[in-house]
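Notes follow the structure.
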Amino acid sequence: MKASSVIKLNQTALQSNWEFLRSFFKGKQISAVVKGNAYGHGITAYVPMAEACGVNHFAVFNAGEAYEVYEVASPSSTIMIMGSLDDDDIEWAIEKDIEFYVFTMERLATAINTAAKLNKKALIHIEIETGMYRTGFEQSTIPELITHLKNNTDTLVFKGLCMHFAGAESIANYVRVKKQKISFKKALKVFKEAGIMPEIIHTCCSAAAVRLPDMHYDMIRIGIMQYGFWSGPEVLIEYLNKYNVEESPLKRILSWESTIMSIKEVPPGEFIGYGATFFSHQTMLLAIVPVGYAHGFSRSLSNTGIVLINGRRAPVVGMVNMNCIAIDVTNMSDVKINDTVILIGMQGGHEVSVASFGEMSNQLNYELLTRLPINIERKMV
Ligand SMILES: *Cc1c(COP(=O)(O)O)cnc(C)c1O
């Protein structure tokens with residue numbers, strides 16, 4: 001059965017992004033963050049493509065994602081779980097040398113006990129609370145934590161010490177981010193003075209990595225930038241100004257395509273699709289495309305979305321249906337069934353970018369990308 005749309009991933013663009021990241025961050029170790037199904041790009045398609053660009057460290061949110069990476073990654077690549085995993089997952093992670101964050105005493109105890117049972121060390125990253133208030137050990141628990149780490153060197157490898165910034169992409173959070181830096185440095189000092197240090201220290205996501213070079217330490221965790229996007233307009237503008245460049249060096253690697261499934265002529269004076277949101281004032285030609293909100297084409301794009309057909313921009317008319325949309329191709333006499341329709345991407349010098357798609361549908365790049373359904377085929381080009 002043929003899927004009604006396909007997501008294409010451009011290896012050349014990805015290669016270029018990784019070359020930029022390596023030179024911009026001066027060869028610093030980078031963990032490729034591939035949570036959220038690799039920001040919608042598809043873990044199983046994306047991870048081997050990233051490995052071909054020399055990436056060998058992957059960060060995910062939960063054990064399910066780690067499992068997907070594990071299935072396709074080279075055995076020499078490192079996998080790190082930054083968020084949720086239950087006790088069974090901890091056993092699996094230890095068995096497979098998968099590194100994971102520890103941010104509660106309960107998880108620490110489970111890691112110690114499971115490692116003892118398996119007779120294999122757990123590779124852990126200790127996350128410190130610095131003001132994000134999501135996960136992380138409170139500063140006040142650090143002395144107790146240090147005692148546990150010192151007493152359990154037979155079951156634990158202290159791989160990393162880390163934190164996460166709460167909104168480094170916006171100058172509005174300047175004070176909060178500054179406080180986080182101070183707080184992390186204070187925590188780090190306690191570890192240093194106790195004579196117990198991790199193998200690596202890591203604190204920065206993309207925005208922090210661009211904005212806070214003094215916080216890079218041993219590794220940075222890059223998500224959105226590897227896919228060709230900036231964390232937000234402020235970060236891009238800051239980069240362009242600081243380095244005196246005209247346009248973003250990052251390239252989008254994803255495009256989303258479908259084809260015309262049916263063409264329909266509509267007489268003047270008729271409503272189109274469900275309800276009465278679009279009325280034909282003239283004889284119209286519609287191209288019906290088999291992609292709808294069930295496939296991630298948001299209902300909020302009803303009567304506002306734009307797609308590309310035959311190198312030209314064409315508007316969505318009427319409501320986005322569950323499985324299809326109607327496109328106004330009235331002035332495009334050359335369209336035919338099976339013609340390519342670009343939902344996100346470039347054609348004939350025009351572009352529907354994720355950002356413009358996002359603006360039309362009121363979604364953030366991050367949200368829009370990760371909502372692209374898992375079951376659409378991802379194809380490397
Ligand atoms: C998502 C995430 C990142 C990557 O964020 P980007 O803004 O996409 O670079 C890094 N670290 C943690 C803990 C995250 O949750």
Side-chain angles (χ1 to χ4, degrees), residues 14 17-18 20-22 24-25 28-41 43 46-47 50 55 57-66 69 78-85 99-104 107 124-137 159-170 173 177 180-181 184 200-213 215-236 238-239 248 250 252-254 354-355 358 363-372:
L14 184 65
N17 289 347
W18 277 102
F20 168 75
L21 291 171
R22 287 211 187 84
F24 185 62
F25 295 119
K28 176 78 49 186
Q29 158 136 45
I30 300 178
S31 181
V33 180
V34 294
K35 64 189 182 192
N37 200 27
Y39 291 49
H41 292 66
I43 284 179
Y46 182 77
V47 166
V55 177
H57 199 294
F58 295 95
V60 294
F61 178 74
N62 63 29
E65 293 168 343
V69 176
T78 302
I79 302 170
M80 178 174 83
I81 302 172
M82 305 185 292
S84 93
L85 68 172
E99 306 181 4
F100 55 93
Y101 276 30
V102 171
F103 39 71
T104 61
R107 186 178 283 185
I124 63 166
H125 293 252
I126 298 289
E127 187 187 13
I128 301 295
E129 177 61 71
T130 61
M132 166 81 178
Y133 294 108
R134 186 166 72 179
T135 48
F137 282 104
K159 268 278 161 188
L161 187 70
C162 55
M163 62 156 285
H164 189 45
F165 285 104
E169 70 282 356
S170 171
N173 305 321
V177 163
Q180 285 191 278
K181 284 170 63 171
F184 186 75
I200 61 167
I201 297 169
H202 51 103
T203 68
C204 291
C205 58
S206 296
V210 173
R211 289 194 137 160
L212 312 170
M215 292 302 285
H216 282 182
Y217 293 102
D218 305 302
M219 180 173 83
I220 54 180
R221 305 181 303 262
I222 298 295
I224 197 97
M225 286 178 91
Q226 66 191 305
Y227 309 107
F229 301 90
W230 296 78
S231 315
E234 275 183 41
V235 185
L236 170 60
E238 185 173 302
Y239 169 83
S248 169
L250 296 173
R252 314 291 158 78
I253 69 167
L254 175 145
V354 171
Q363 285 171 299
L364 207 62
N365 285 347
Y366 286 86
E367 181 187 347
L368 188 142
L369 288 168
T370 51
R371 275 172 171 244
L372 291 172

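Just so you know, ligand 1 is whichever comes first in the structure, and atom 1 is the first atom listed for that ligand.
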Practice item. Please say whether S206 places an N or O atom under 3.5 Å from an N or O atom belonging to ligand 1. Key: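 Yes, at least one N or O pair falls under 3.5 Å.
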Check your understanding: When only distance counts, is V33 in polar contact with ligand 1, meaning an N/O pair under 3.5 Å?
Key -> no
Check your understanding: Do you know the tightest heavy-atom contact between C204 and F165?
Key ->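 Closest pair (atom of C204, atom of F165, distance): SG-CE1, 4.4 Å.
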Point to revise | Heavy-atom pair with the smallest gap, counting every atom of A207 and S231 | key: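 Nearest heavy atoms, A207 then S231: N-OG, 3.3 Å.
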Practice item. Could you check atom 10 (C) of ligand 1 against the protein and tell me its nearest heavy-atom contact, residue, atom and distance included? Key: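 Result: R221 NE, 3.5 Å.
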Review point. What's the shortest distance from atom 2 (C) of ligand 1 to any protein heavy atom, and which residue and atom give it?
Key: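 Result: K35 NZ, 2.5 Å.
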Check your understanding: Any non-hydrogen atom of R134 lying under 4.0 Å from ligand 1?
Key -> yes
Hey, which atoms in ligand 1 end up nearer than 4.0 Å to a heavy atom of [X]?
{"X": "Y39", "result": "1 (C), 4 (C), 5 (O), 6 (P), 8 (O)"}
{"X": "I224", "result": "6 (P), 8 (O), 9 (O)"}
{"X": "M82", "result": "11 (N), 12 (C), 13 (C), 14 (C), 15 (O)"}
{"X": "Y366", "result": "6 (P), 7 (O), 8 (O)"}

Review point. Would you call E129 and R134 a salt bridge, taking side-chain N to carboxylate O under 4.0 Å as the test?
Key: no
**Study point:** Whether F20 and Y239 hold their rings parallel, tilted or perpendicular, with breakpoints at 30° and 60°
**Key:**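 Rings of F20 and Y239: perpendicular, as their planes differ by over 60°.
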Heavy-atom check, side chain of [X] versus side chain of [Y], under 4.5 Å:
{"X": "H202", "Y": "I220", "result": "no"}
{"X": "I124", "Y": "Y101", "result": "no"}
{"X": "H125", "Y": "F100", "result": "no"}

Review point. F103 ring centre to R107 NZ or CZ under 6.0 Å, with the angle to the axis within 45°?
Key: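 Judged by the rule, R107 and F103 form a cation-pi pair.
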Check your understanding: Does ligand 1 have a heavy atom under 4.0 Å from the side chain of E127, from its backbone, from both, or from neither?
Key -> neither
Check your understanding: Which is it for F61 and ligand 1 at heavy atoms under 4.0 Å: side chain, backbone, both or neither?
Key -> neither
